[in-house]
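Encoded as structure tokens, the structure appears first; notes follow it.
Model, not experiment: these values are computed from the prediction. In what follows, chains are A, B, ... by sequence order, proteins preceding strands, each numbered from 1.
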Amino acid sequence: MLQSLTKINFLLSISARSFSLQMNSSKRFKRIAPKRNKSVRLSQSCNDSERCANKSSKSVIVRTRTTPRHNQTLPQPKLKIQSSLVSDPCFRDTTILPHDFFQIDALDLAPRLLGKFLRRDDVVLQITEVEAYRPNDSACHGRFGITPRTAPVFGPGGNAYVYLCYGLHTMLNVVADKEGVGAAVLIRACAPVCGLETIQQRRGQQTEKPILLTGPGKVGQALGISTEWSYHPLYTPGGLELLDGPEPDKILIGPRVGIEYALPEHVNALWRFAIADTPWISAPKNTLRPP
DNA sequence: GAAAAGATTAAA
DNA sequence: TTAATCTTTTCC
């Protein structure tokens, strides 16, 4: 496992002076990861006790749990995550990005998210590809205004917006800009940094190849999140966090994927951003070019 | 109340 | 190339 992660980090080819991505203690992460009982494992889309409790449509998960819910509190896993942060040299210097970081135009935020880290439990992913969705954008979910589904998009920047696509895939967005604006950045692809075994388990694929994490639905699955994670603040410790990371040397830009229904000006807008020289990019790759 | 479509994925 | 799969939104 150590060998494979080292290989993956090599492939990233990012200047990471202050970020040693070497994983010299993978087994420690495994030990620190909160244990899940069988019922939770069945649905990896909901491992968070508070969210499961609020779940209505997927109450099957709640019913099948063996541990009484009221015995589980949020601070416990939070502390464990903190201890792993301190004890592992890999992430000693990393910091959670502050609330202010996200209060900008999605078009500015999107490229700035490249190279940053998403962390949940023992899983750490590095963001390699994103898309910006903005106000007055005929491809943005916010185009319908504030609805039950899209309300999170109009929340303050730094929250998560998770939606279900094709009834199957959970898509993670980082809400951008001020409250009420209605902008977000879709995470389209990541590279694995820590917790490879958990990622593979959640994905159901025993591979280290880019097929593991190159696609927005794959990222959501690897992080084990559901739509219940909408509104979750990424700038506070616990749950899902966005950590600072190295700025990529070179990036690529291109038109966004799968928005043929939008107006031509938005279909053609170059609002897709990716790290150059990494294999962790989703399809299609041939529409990406240097700026 | 019904119908259509979707910021996709994996397998054939 | 195509099936899987279901929520959200729009239209009548």
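Distance CZ (Arg188(A)) to C1' (dT9(B)): 12 Å, rounded to an integer number of Å. Put simply, CZ on Arg143(A) is 9 Å from P on dT9(C), counting in whole angstrom units. Separating the CZ atom of Phe144(A) from the P atom of dC11(C) is a distance of 9 Å, rounded to the nearest angstrom. The CD1-P distance, from Ile187(A) to dT8(B), rounds to 14 Å in whole Å. To the nearest angstrom, P of dA7(B) lies 11 Å from CG of Asp137(A). Taking atom OH on Tyr261(A) and atom C1' on dT9(C), their separation rounds to 13 Å, with Å as the unit. dC6(C) atom P lies 16 Å from atom CZ of Arg149(A), rounded to whole Å. Atoms CE (Met171(A)) and C1' (dT9(B)) sit 10 Å apart, rounded to a whole Å.
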Each nucleotide N or O in nucleotides 10-12 of chain B that has a protein N or O under 3.5 Å away: list the pair and distance.
{"residue": "dA10(B)", "atom": "OP1", "partner": "Arg203(A)", "partner atom": "NH1", "Å": "2.7"}
{"residue": "dA10(B)", "atom": "OP1", "partner": "Arg203(A)", "partner atom": "NH2", "Å": "2.8"}
{"residue": "dA10(B)", "atom": "OP2", "partner": "Lys218(A)", "partner atom": "NZ", "Å": "3.3"}

For nucleotides 2-4 of chain C, which of its nitrogen or oxygen atoms have a protein nitrogen or oxygen under 3.5 Å away, and what is each distance?
none

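Aromatic stacking is marked for Tyr133(A) over dA7(B), as both cut-offs hold: 5.5 Å for the centres and 30° for the planes.
The salt bridge (charged side-chain N to carboxylate O under 4.0 Å, His left out) test applied to Lys116(A) returns Asp244(A), not counting sequence neighbours. In terms of the salt bridge (charged side-chain N to carboxylate O under 4.0 Å, His left out) criterion, residue partners of Lys250(A) (sequence neighbours excluded) are, by chain and number, Asp277(A). In terms of the side chain to side chain contact (heavy atoms under 4.5 Å, CB included) criterion, residue partners of Gln205(A) (sequence neighbours excluded) are, by chain and number, Arg203(A), Thr207(A), Ile211(A), Leu212(A). A search for side chain to side chain contact (heavy atoms under 4.5 Å, CB included) contacts involving Ile253(A) returns Ile251(A), Leu270(A), Phe273(A), Pro291(A), not counting sequence neighbours. Phe144(A) meets the side chain to side chain contact (heavy atoms under 4.5 Å, CB included) test with Thr147(A); sequence neighbours excluded. Residues satisfying the side chain to side chain contact (heavy atoms under 4.5 Å, CB included) criterion with Lys285(A), sequence neighbours excluded, are Ile281(A).
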Tabulate below the donor-acceptor pairs under 3.5 Å that side-chain atoms of residues 183-193 of chain A make, not counting sequence neighbours, or state none.
{"residue": "Arg188(A)", "atom": "NE", "partner": "Glu129(A)", "partner atom": "OE2", "Å": "3.0"}
{"residue": "Arg188(A)", "atom": "NE", "partner": "Ser282(A)", "partner atom": "OG", "Å": "3.2"}
{"residue": "Arg188(A)", "atom": "NH2", "partner": "Ser282(A)", "partner atom": "OG", "Å": "3.3"}

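For the atom pair Leu172(A) CG and Ile225(A) CD1, the distance stands at 4.5 Å (nearest 0.5 Å).
Within the structure, every pair that satisfies the salt bridge (Lys or Arg N to Asp or Glu O under 4.0 Å) test and touches residues 136-156 of chain A, not counting sequence neighbours, is listed here: Asp137(A)-Arg256(A). Sorted by first then second residue, the salt bridge (Lys or Arg N to Asp or Glu O under 4.0 Å) pairs that include residues 99-108 of chain A, not counting sequence neighbours, are Asp105(A)-Arg134(A).
Using a 4.0 Å cut-off, some side-chain N or O of Thr147(A) falls inside it from OP1 or OP2 of dT9(C).
The minimum heavy-atom distance between Pro152(A) and Tyr161(A), with the atom names listed, is CB-CD1, 3.8 Å.
The closest donor-acceptor contact from the side chain of Thr150(A) to the backbone of Gly145(A) lies under 3.5 Å.
Counting only Watson-Crick and G-U wobble pairs whose two distances sit under 3.5 Å, DNA chain B takes part in these stems of three or more pairs: B:1-6 with C:6-11, B:8-11 with C:1-4.
Contact annotation for Ile259(A): backbone-only contact, meaning every heavy-atom pair under 4.0 Å involves sugar-phosphate atoms and none involves a base.
Distances were taken from every side-chain heavy atom of Leu164(A) (C-beta onward) to each of dT9(B), dT9(C), dT7(C); the shortest belongs to dT7(C).
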